[in-house]
Student: 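Let me give you the structure first, and then I'll get to my questions.
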Amino acid sequence: MSAAAAAAAASTYLARRAAQKERVRILYRRTLKDTLDWAASDLREKFEANRHVEDLDTIDRMLDEAEARFNWWRHPDPYIVPWAPGGSKFCRNPTPPSGIEIVYDFGKEDND
C-alpha cells in the first residue's frame, strides 16, 4: 500500500469515526431530553457499557439499533420548551406586515 493510499484510508477512518461520535452525542442528548418525559432507564450504563467498542461496522449497527429503540420508546407527546419551534409561545407575536410602523417611545411623544 502506498503512502497516499494509507493516508486516504486513515482520513476516511477518522472522518467516519468523527461522524459516529457525533451521532452518539446527538442520540445521547436526545435521549436525555426525552428522559425528562418518561422512558429511558439506566441510560448512562448502556452508553458506558459499549464505550470500548472499536469496530466501525459494529458501532454503526449499534447506533442504528439504539436510534430505532429510542424512536420506539419515545413519548407520543414530548415536552417542548414553550419558546422553541413547536412550543406554545413560538412566534406568538409575528412580525407586523410591511407598511406598519411601530413606535417604541411610549410617553415621550410631543404633546403640543
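Excluded from the calculations below are hydrogen atoms, water molecules and symmetry mates; all remaining heavy atoms, backbone and side chain alike, are included. Keep in mind it's a predicted model, so treat the numbers as computed, not measured.
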Student: Run the numbers on Arg17 and Glu54 for side-chain contact (heavy atoms from CB on, under 4.5 Å), then give the verdict.
Tutor: CA-CA 9 Å; Arg17 186 76 173 141; Glu54 293 291 327; 3.9 Å; yes
Student: Hey, are Arg61 and Asp55 close enough for a salt bridge, meaning a charged N less than 4.0 Å from a carboxylate O?
Tutor: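 Between Asp55 and Arg61 there is no salt bridge, as every charged N stays at least 4.0 Å from the carboxylate O atoms.
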Student: So, are Arg69 and Glu65 salt-bridged, with charged N and O less than 4.0 Å apart?
Tutor: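 No salt bridge links Arg69 with Glu65.
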Student: Is there side-chain contact between Glu67 and Met62, with at least one heavy-atom pair below 4.5 Å?
Tutor: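 SC-SC contact between Glu67 and Met62 ruled out.
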Student: Could you tell me whether Asp64 and Arg23 have a side-chain N and a carboxylate O separated by less than 4.0 Å?
Tutor: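 Answer for the salt bridge query: yes.
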Student: Might you point out which heavy atoms bring Ile80 and Ala84 nearest each other, and give the distance in Å?
Tutor: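 Closest heavy-atom pair between Ile80 and Ala84: CG2-CB, 4.3 Å.
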Student: Heavy atoms only: give me the nearest Ile59-Val53 pair and the separation to one decimal.
Tutor: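 Closest approach of Ile59 to Val53, heavy atoms only: CD1-O, 3.5 Å.
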Student: Check side chain to side chain donor-acceptor pair (under 3.5 Å) between Arg51 and all other residues, then give those that pass, not counting sequence neighbours.
Tutor: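 For Arg51, the residues satisfying side chain to side chain donor-acceptor pair (under 3.5 Å) (neighbours in sequence not counted) are Glu48.
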Student: With a 4.5 Å limit on heavy-atom distance, are the side chains of Arg25 and Lys21 in contact?
Tutor: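 Answer no - side chains too far apart.
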Student: Do the side chains of Phe47 and Leu27 get nearer than 4.5 Å, heavy atoms only?
Tutor: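 With C-beta onward as the side chain, the pair touches.
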Student: Each residue besides Leu56 in its hydrophobic cluster should be listed here, by chain and number; the cluster joins Ile, Leu, Val, Met, Phe, Trp and Tyr at side-chain heavy-atom distances under 4.5 Å.
Tutor: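 Grouped by the 4.5 Å side-chain rule, Tyr13, Leu14 form the rest of the cluster around Leu56.
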Student: To the nearest 0.5 Å, what is the distance between CG (Leu63) and CD (Gln20)?
Tutor: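 Going from CG on Leu63 over to CD on Gln20, the span is 6.5 Å.
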